[in-house]
Asks: 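Dropping the structure in here first, questions after.
First the proteins, then the strands, lettered A, B, ... as listed; each starts at 1.
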Amino acid sequence: MEYNFREIEQKWIKEWRKRDTYKVTEDSSKEKFYALSMFPYPSGAGLHVGHPLGYIASDIYARYKRHQGFNVLHPMGYDSFGLPAEQYAIETGTHPAETTEKNIARYREQLDKLGFNYDWSREVRTSSPEYYKWTQWIFKQIFNSWYNNDTKKTEPISTLIEKFNSNGSYNVNAAQDEEWYKALDLEKFPFFGEYFVGEFTATDWQSMTEEQQQLVLMHYRLTYLADSWVNWCPALGTVLANDEVKDGKSERGGHPVVQKLMRQWSMRISAFAQRLLDDLDTVDWSDSIKEIQRNWIGRSKGASVKFSVAGHGEIIEVFTTRPDTIFGVDFVTLAPEHPLVNVITTADQKADINEYVEAASLKSERDRQSDVKNITGCFTGAYCEHPFTGKQIPIWIGDYVLASYGTGAVMAVPSGDQRDWDFATHFKIDITAIMEDADISEQADASKDKPLMNSDFLNGLKGKKAVNAAISAIMDKDAGRGKVQYRLRDAVFSRQRYWGEPVPVYFKNDIPYLIEDDQLPVTLPPIDEYLPTEDGDPPLARAKKEDWDVFEGDRMELNTMPGWAGSSWYFLRYMDPHNTEEFVSEEKMKYWNQVDLYMGGAEHATGHLLYSRFWTKILCDLGHLSFNEPFKKMINQGMILGRSSFAHRFNWSLDKIKNVELDKTALGAEHFNPVFICSGTKAKLESGEADYNDVMKVILGHYKGQKNYDALMKNLELLKAKNLDSECAFSIQNIHVDINHVDNDAMDVESIKAWKPAVFDSALFLNGSLEVTNGSDVYCDFDVEKMSKSKYNVQTPDDLVEKFGADTLRCYEMFLGPVEQSKPWDTKGINGVHNFLRKLSRLFIDKEGNLMVTDAEPSKDSMKTLHKTIKKVTEDLNRFSWNTVVSGMMIATNELTEQKCHSRAVLEPLTLLLSPYAPHLAEELWEKLGHTESVTTEEWPAFDESHLVESEIHYPVSFNGKMRFKITLPAEFTKEQVEEAVLAYEKTAQYLPDGSPKKMIVVPGRIVNVVV
RNA sequence: GCGGAUGUGGUGAAAUUGGUAGACACGCUAGACUUAGGAUCUAGUGCCGUGAGGUGUGUGGGUUCGAGUCCCUCCAUCCGCACCA
């Protein structure tokens, strides 16, 4: 029997498992290749056809690399901590571990059907204690580290303590919050006076109690406890990261999010901002992802400048990216929330300012951001001094300045900044012109390449020179310094949830201490309910002391880690998944090294991908890793969209008719069985080509005898009598129908009736000729939408594997187009791909299943086809062009079929080319060819140019660039000979009225162009 | 507003360094064949035109013997960022 994919695929799934075909070990004699797909969160819905797209692509690439002799690591696992399982636990009381286990089993079942070459012995699950033991261990490493800005490296906290012991805080240049010392509770440090600015001596340090030392160290650690404003989601009872909040609502669930001050664990990612930015140049990722990360990090270079407030000791610090425009400062604007507003406002401005601050506080940040047109602000009555001219500069407040960005204050240069210009113009503040040739009468001129004027020592300078001169002058005056600022904030690392990694920390006198390594992992204690407690403590507060397997100090940490903890390092664990002594052994880490190809969605651009890079850098600095970036090359697969089908329900209504007594039981379509029309009819009706009344007539003919029919006829006659029958309102309603009951837009009426009897069973279906039908001649319209249950457009891989086989599905998903692009899913084309595999297998075996392969010498043409295909497939895979490989194989199959080629010398290499795409079929054919070893490790066929050499070339001949005809000439012809032959050719005269061309271009072997 | 990506038949798309635009596949049309099988085979299928021919890669311009590809302009769609000082 020809191509029995069910039998073949089931056979090889079993065989591969039996033979451990995909087991990978470290083998230093081979070059390694690490191909990774982002691991999934195992949701209850299972996989739809969009998920495997990236898995298939990386699987094909992994198989290809294996054929090329690489030792390929290609693992899979599960990001199995997460909200949905916990939400389900809250609703049903089912332990999230149980739900997760069930979902994983379903995922595995689906994945197993698709023929992936995963080494399942390396599977990891972030929620298993064997795994999160090491997530906790990494947390401890980070806790015990500080960032040395001098060496630009993470260092163990012990080196910091040494420094404190020998020199105190002097000569320590650590990454810290600015003015961190203000957060220190000075009552606990009686020896620091009120003028304490964060510096202390070795003696100070040594005389501190352990508790005091811990409090100080907390401000240096790379993960630290601090009160921070967090996105609190009351409905979820938890804190969300910035990137988990979309439009003020939680990304998952869409619940409202508010700002709240909480004591939280944070990770000092801000210390790594510059390195995260710089090292983007060392990875091969898409420009868009890199750009998103650059945006997120948000580096701006400029200067911080101090303005002293006249008559106060206070200083306003601003950050500016244009210190060169310092002489154009006409006013200073503070955010309404700026702490100095209350201090400096003069008595007669007090009322106005208070009113403005009040009004601003009522506006959400979002409102303030979106309201660009309304310029608002208020003068404080106070002035500050220009650091160079000494000029008195008015201080305003305005809600266009955000408290959370920079220092919450700007030096306003209306001549060079449009917002400042708008503000100055609105409030009639004089604008100082500081650039030559700049017209600032209508708008600000933000250009940097115009020479400065009215700017004292900067006059005549422009661009970088001006900026540098300004900064050094500002520094000389002690009025500020050059500064680089980042938008990137430290990442909050606490979640008030149950289903996450416990933080390996306990508290003694409210000071956090780490659980010892030999006590790890701290596993999740059982609890009776998964909600926060009535006091608002996280769910873990429900666990009693004896429920914990590790309990130290006064209490354990009750927060768990966020979702990104486990996924920030999972690619490392695959290298050495069962190691109980280390998170990964040095030897294996050095062998497998970076991920060579990372396949995944672009939606993780600022979350997972940034955090993984961050943790990799920490672990590398601490000597645990030999590389600085986790993912060398990344490809982002596009989304596969659903193709929804719509049936057209024909409606009419007499509702709008007034002054006529109508029978209310027959006013509209809702009183009758529904009527569905064809998409063609719908188009004709809407364009006016067809008349609604014609459809109505047909319907009436079929309603005879039905309930309400007589009433309807009476109504219609009544209307006719009054000449109102044109008032009947018609409409067509689109209703989603399950794509499983639609084939090529044709509805399978019988099965649609069975699918939703309540709507369709009694319905009338009219075909394009307005005849009632139960056949498949009623057509739907379609639309491309996201796949979702409610749209009945979800296509599961299971259905397709059942119908066509995994090999067909694999090839088809690749054939759809470039992986990076989003595209609609359309089952129509899958037949063609299935036929290709069937046709290909017919080169090997006949209908009875007999092998037709012979040892006969292949024809020249067949060898040419083969080598052309080897070249194409190899080159295309090398440039990650998965889709074009399939068409290349199709062309080969078509050509070999035509050539009636059954020669082993051609078909064996062809099987190898097929193997990454259709591994089951390739394996079966390989065995049929008489091999006992698996095809998966066979050597990739070598390309031999000599088979492609042609003795004749078909030259396309163009006139003025337009191709007119082709001419076949010997390949060895020189330029001159080709020219001669073309001119002598009979058809040439037709396009060459003058007899001789102006010019002739001959590209040997390619093309001839005649210029007339 | 800034940044990134994309734009080619009825559909998914191909064209790798500028060199035959639309490969391959779907769909469609006509036909053949058949123990009807998501079969197979033949011919056709960008658009306009009976034809010769014309025209054609979002728009308009440019460079070139030759442009889907390079440069400039504008437009549309998607994504990211956004009073970011």
Side-chain angles (χ1 to χ4, degrees), chain A residues 2 286-296 298-300 302 318-322 325 333 335 365 368-373 375 398-402 404-413 416-420 422-423 485-487 602-603 605-606 636 638-639 643 743-745 782 803-804 812 815-818 820-836 838-839 842 872 875-876 878-879 881 883-884 886-891 893-894 954-966 997-1003 1005-1012:
Chain A
E2 65 171 45
S286 73
D287 287 341
S288 69
I289 293 270
K290 286 188 180 186
E291 206 50 41
I292 291 170
Q293 291 216 347
R294 286 195 190 105
N295 266 327
W296 194 259
R299 182 185 201 267
S300 38
V318 302
F319 177 77
T320 175
T321 54
R322 293 293 302 275
T325 62
T333 315
E365 188 134 304
R368 276 166 63 169
Q369 282 175 19
S370 52
D371 192 3
V372 192
K373 281 176 199 150
I375 296 159
D399 66 5
Y400 78 99
V401 178
L402 297 181
S404 57
Y405 189 79
T407 58
V410 299
M411 59 175 229
V413 182
D417 182 285
Q418 192 55 45
R419 286 166 322 217
D420 295 343
D422 291 341
F423 195 89
Q485 188 158 282
Y486 302 92
R487 201 181 74 102
E603 66 273 20
T606 51
N636 304 110
M639 216 194 317
R643 190 180 188 277
D743 187 24
N744 276 339
D745 293 335
F782 71 92
K803 275 189 194 167
F804 300 100
Y812 183 55
F815 184 67
L816 275 177
E820 298 94 325
Q821 258 168 49
S822 290
K823 56 218 142 208
W825 178 259
D826 186 349
T827 31
K828 270 195 295 191
I830 200 166
N831 275 313
V833 176
H834 187 68
N835 290 342
F836 147 65
R838 194 200 312 268
K839 196 167 174 183
R842 273 203 302 268
K872 172 149 186 73
E875 284 178 359
D876 286 359
N878 284 343
R879 65 188 172 101
S881 172
N883 54 327
T884 50
V886 183
S887 35
M889 295 288 298
M890 284 174 171
I891 293 168
T893 303
N894 292 344
H954 305 277
Y955 277 99
V957 180
S958 317
F959 292 79
N960 287 341
K962 276 197 183 8
M963 209 281 286
R964 296 300 180 178
F965 56 80
K966 285 175 202 170
K998 227 184 209 167
K999 195 177 173 186
M1000 258 181 106
I1001 281 93
V1002 177
V1003 184
R1006 296 214 68 113
I1007 196 173
V1008 178
N1009 191 18
V1010 186
V1011 187
V1012 182

Asks: Going by the rule ring-ring contact (aromatic ring centres under 6.0 Å, His included), which residues pair with A:F804 if we only count those two or more places apart in sequence or in a different chain?
Replies: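 If we apply the ring-ring contact (aromatic ring centres under 6.0 Å, His included) test to A:F804, skipping adjacent residues, the hits are A:H834.
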Asks: Would you mind classifying the nucleic acid contact of A:R299 as base, sugar-phosphate or nothing, using non-hydrogen atoms under 4.0 angstrom?
Replies: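 Answer is nothing: A:R299 stays at 4.0 Å or more from every strand.
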Asks: How far, in whole Å, is B:C74 from B:G61 if one measures between their C1' atoms?
Replies: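 Pairwise C1' distance, B:G61 against B:C74, rounds to 10 Å.
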Asks: Would B:G31 be called syn or anti here, given the cut-off of 90° from 0?
Replies: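 What B:G31 shows is an anti base, its glycosidic angle lying more than 90° from 0.
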Asks: Determine the stems involving RNA chain B; a stem requires 3 or more consecutive pairs of the Watson-Crick or G-U wobble kind, each with both distances below 3.5 Å, and the answer is none if no such run exists.
Replies: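 So the stems come out as B:1-7 with B:75-81, B:10-12 with B:24-26, B:27-32 with B:40-45, B:46-48 with B:53-55, B:60-62 with B:70-72.
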Asks: Rounding to an integer number of angstrom, what distance separates B:C47 and B:G22 when you compare their C1' atoms?
Replies: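 Each nucleotide's C1' atom is 13 Å from the other's.
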Asks: Please identify each residue that fulfils salt bridge (charged side-chain N to carboxylate O under 4.0 Å, His left out) with A:E820, with sequence neighbours left out.
Replies: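 Testing A:E820 for salt bridge (charged side-chain N to carboxylate O under 4.0 Å, His left out), a comparison that skips the adjacent residues, returns none.
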Asks: Sequence neighbours left out, what passes side-chain contact (heavy atoms from CB on, under 4.5 Å) with A:S300? Give chain and number order.
Replies: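 side-chain contact (heavy atoms from CB on, under 4.5 Å) list for A:S300, sorted by chain: A:F319, A:T321, A:Y405, A:Q485.
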Asks: Can you name the residues that form a salt bridge (charged side-chain N to carboxylate O under 4.0 Å, His left out) with A:R838, not counting sequence neighbours?
Replies: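 Salt bridge (charged side-chain N to carboxylate O under 4.0 Å, His left out) list for A:R838, sorted by chain: A:E2.
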Asks: Stepwise, does the side-chain contact (heavy atoms from CB on, under 4.5 Å) test hold for A:F965 with A:F959?
Replies: CA-CA 10 Å; A:F965 56 80; A:F959 292 79; 3.6 Å; yes
Asks: Round to the nearest Å and state the distance from A:H834 atom NE2 to B:G37 atom C1'.
Replies: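 For the pair A:H834 NE2 and B:G37 C1', the rounded distance is 10 Å.
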Asks: B:C72 and B:U63: how far apart are their C1' atoms, nearest whole angstrom?
Replies: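 My reading of the C1' atoms in B:C72 and B:U63 gives 11 Å.
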Asks: Rounded to the nearest Å, what distance is computed from the CZ atom of residue A:R294 to the P atom of nucleotide B:A82?
Replies: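 The answer, rounded to whole Å, is 17 Å.
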Asks: Taking the same atom, P, in B:C48 and in B:A13, what whole-Å distance lies between them?
Replies: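 My reading of the P atoms in B:C48 and B:A13 gives 24 Å.
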Asks: Please determine, for the side chain of A:M890, which listed nucleotide (B:A85, B:G38, B:C24) has the closest atom?
Replies: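 Between B:A85, B:G38, B:C24, the one nearest the side chain of A:M890 would be B:C24.
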Asks: Consider the side chain of A:R838, meaning its heavy atoms from C-beta on, and name the nucleotide among B:C41, B:A39, B:G4 that approaches it most closely.
Replies: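 Of the candidates, B:A39 comes closest.
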Asks: What string of B, S and - do you get for nucleotides 5-20 of chain B 5' to 3' if you count protein non-hydrogen atoms under 4.0 Å?
Replies: S------BSSSB--BB
